[in-house]
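A short worksheet on the structure shown next.
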Number of protein chains: 2
Amino acid sequence: MLEYSLDKTFAALADPARRAIVERLTQGPATVSELARPLPMSLPAAMLHLKVLEEAGLVTSAKVGRVRTCQVNPAMLSQAEHWVADRRAMWARNLDRLGAFLNAAKAEDET
Amino acid sequence: MLEYSLDKTFAALADPARRAIVERLTQGPATVSELARPLPMSLPAAMLHLKVLEEAGLVTSAKVGRVRTCQVNPAMLSQAEHWVADRRAMWARNLDRLGAFLNAAKAEDET
DNA sequence: GCTATACTCAAGCATACGCTTAAGGATCCT
DNA sequence: AGGATCCTTAAGCGTATGCTTGAGTATAGC
């Protein structure tokens, strides 16, 4: 777990093929071929996407014999989720603060 | 609100400069210059980032006189957040199902 | 050992990104 | 009107992305 950045995580999720792979993997582990088959591209191309996901820490894989099996890493999904959730919460908090300020100003006006 | 895709949303969030802009905007509206000033790049470059955020639906802006003021659009943050949260939930559910299956198999063995 | 399978690597190519500087409006202030 | 400010557009350039085909390596099964 070294240097997994939000940059890579979000960039990885920005591609529909890669999201499709993640989606498939949420249903359980799969091999490289299984992941590539439904995608509208060659197997090497699919492997590049897999590599991107793996370097982003979203997916892990292990090779047994000649078969590489892949899994999602939910920890990285969490990290991305939290960044967004935290920013949205921050926005809401500051919106509330603005509302409070406006109400206070209004009350002040009415004195 | 037309054609805002997850592709664009995640791609927009993949850049640190753009996340910095979003982060700043969660504290309240800001002008183009205010958003660009802290960034290590020229103003036109910052505006391109702003354009990306706007086309992703993450930011809205309006020009009054010669000043353009920007805001976050929390709805698009929600959308991205949900995609990730849903996938993570899906993963957890299927993991539970696998656990149940293994337990059932184990019980079967012991009969 | 031989063949099929599953993956991996390499070369090549077109397109898209990210940034720069320079120039061009549009608006506000005096 | 003239100058300062804020934003916008344009041209140019180097690098990165995404895909292809073709060849190569390792393992499984007969």
Side-chain angles (χ1 to χ4, degrees), chain A residues 3-25 28-72 76 80, chain B residues 3-25 28-73 80:
Chain A
E3 201 242 334
Y4 285 151
S5 63
L6 280 174
D7 284 43
K8 286 184 180 174
T9 307
F10 282 127
L13 294 177
D15 188 286
R18 290 193 288 261
R19 284 202 304 280
I21 291 175
V22 169
E23 187 123 27
R24 166 62 188 82
L25 287 179
T31 70
V32 170
S33 307
E34 285 168 353
L35 292 172
R37 197 171 311 125
L39 299 178
M41 64 185 71
S42 66
L43 196 147
M47 291 211 46
L48 288 181
H49 285 300
L50 217 35
K51 190 183 172 195
V52 170
L53 287 167
E54 204 157 351
E55 287 181 349
L58 285 163
V59 165
T60 60
S61 74
K63 195 166 182 175
V64 173
R66 59 185 169 176
V67 175
R68 179 175 293 280
T69 303
C70 307
Q71 299 194 353
V72 282
M76 288 314 284
Chain B
E3 201 243 331
Y4 287 150
S5 63
L6 280 174
D7 284 43
K8 286 185 180 176
T9 306
F10 282 127
L13 294 177
D15 187 287
R18 290 194 286 261
R19 284 201 306 279
I21 291 176
V22 169
E23 188 122 27
R24 165 63 188 80
L25 288 179
T31 70
V32 170
S33 307
E34 285 169 354
L35 292 172
R37 196 171 310 124
L39 299 179
M41 65 186 69
S42 67
L43 196 148
M47 291 212 46
L48 288 181
H49 286 300
L50 216 35
K51 190 182 171 196
V52 171
L53 287 168
E54 205 158 350
E55 286 180 350
L58 286 164
V59 165
T60 59
S61 74
K63 194 166 183 176
V64 172
R66 59 186 169 175
V67 176
R68 179 174 293 279
T69 302
C70 307
Q71 299 193 353
V72 281
N73 176 8

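Order of the sequence lines fixes the chain letters, A, B, ..., with proteins taken first and strands second; residue numbering starts at 1 for each chain. Below, all heavy atoms of this structure are taken into account, side chains as well, without hydrogens, waters or symmetry copies.
- A heavy-atom distance below 4.5 Å is not found between the side chains of A/C70 and A/T31.
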Handout entry: Candidate pair B/R19 and B/D15, rule side-chain contact (heavy atoms from CB on, under 4.5 Å), full reasoning
Key = CA-CA 6 Å; B/R19 284 201 306 279; B/D15 187 287; 5.9 Å; no
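- For the pair B/K51 NZ and C/dA16 C1', the computed distance is 13 Å after rounding to whole Å.
- In this structure the side chain of A/L13 never reaches within 4.5 angstrom of the side chain of A/R18, judged on heavy atoms.
- The nearest whole Å value for the distance from the CZ atom in A/R68 to the P atom in D/dA26 is 14 Å.
- Computed from coordinates, the B/K8 NZ to C/dC17 P distance equals 10 Å when rounded to whole Å.
- Side-chain contact, B/Q71 with B/S61: no donor N or O sits under 3.5 Å from an acceptor N or O.
- Side-chain contact between B/V64 and B/T69: absent, with no pair of heavy atoms (C-beta onward) separated by less than 4.5 Å.
- The nearest whole Å value for the distance from the CE atom in B/M47 to the C1' atom in C/dG18 is 15 Å.
- Taken to the nearest 0.5 Å, the CD1 atom of B/I21 stands 11.0 Å off from the CG atom of B/L58.
- In this structure, B/D7 atom CG and D/dT17 atom P are separated by 16 Å, rounded to whole Å.
- OP1 and OP2 of D/dT17 both lie 4.0 Å or more from every side-chain N or O belonging to A/H49.
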Exercise for the section: Would you mind building the protein contact string for nucleotides 20-27 of chain C? One character per nucleotide, 5' to 3', B for base within reach (heavy atoms under 4.0 Å), S for sugar-phosphate only, - for untouched. Expected result: BBB----B
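- B/E55 places its CD atom 13 Å from the C1' atom of C/dC17, with the value rounded to the nearest Å.
- Following rounding to the nearest Å, B/L35 (CG) and D/dC6 (P) show an atom-to-atom distance of 14 Å.
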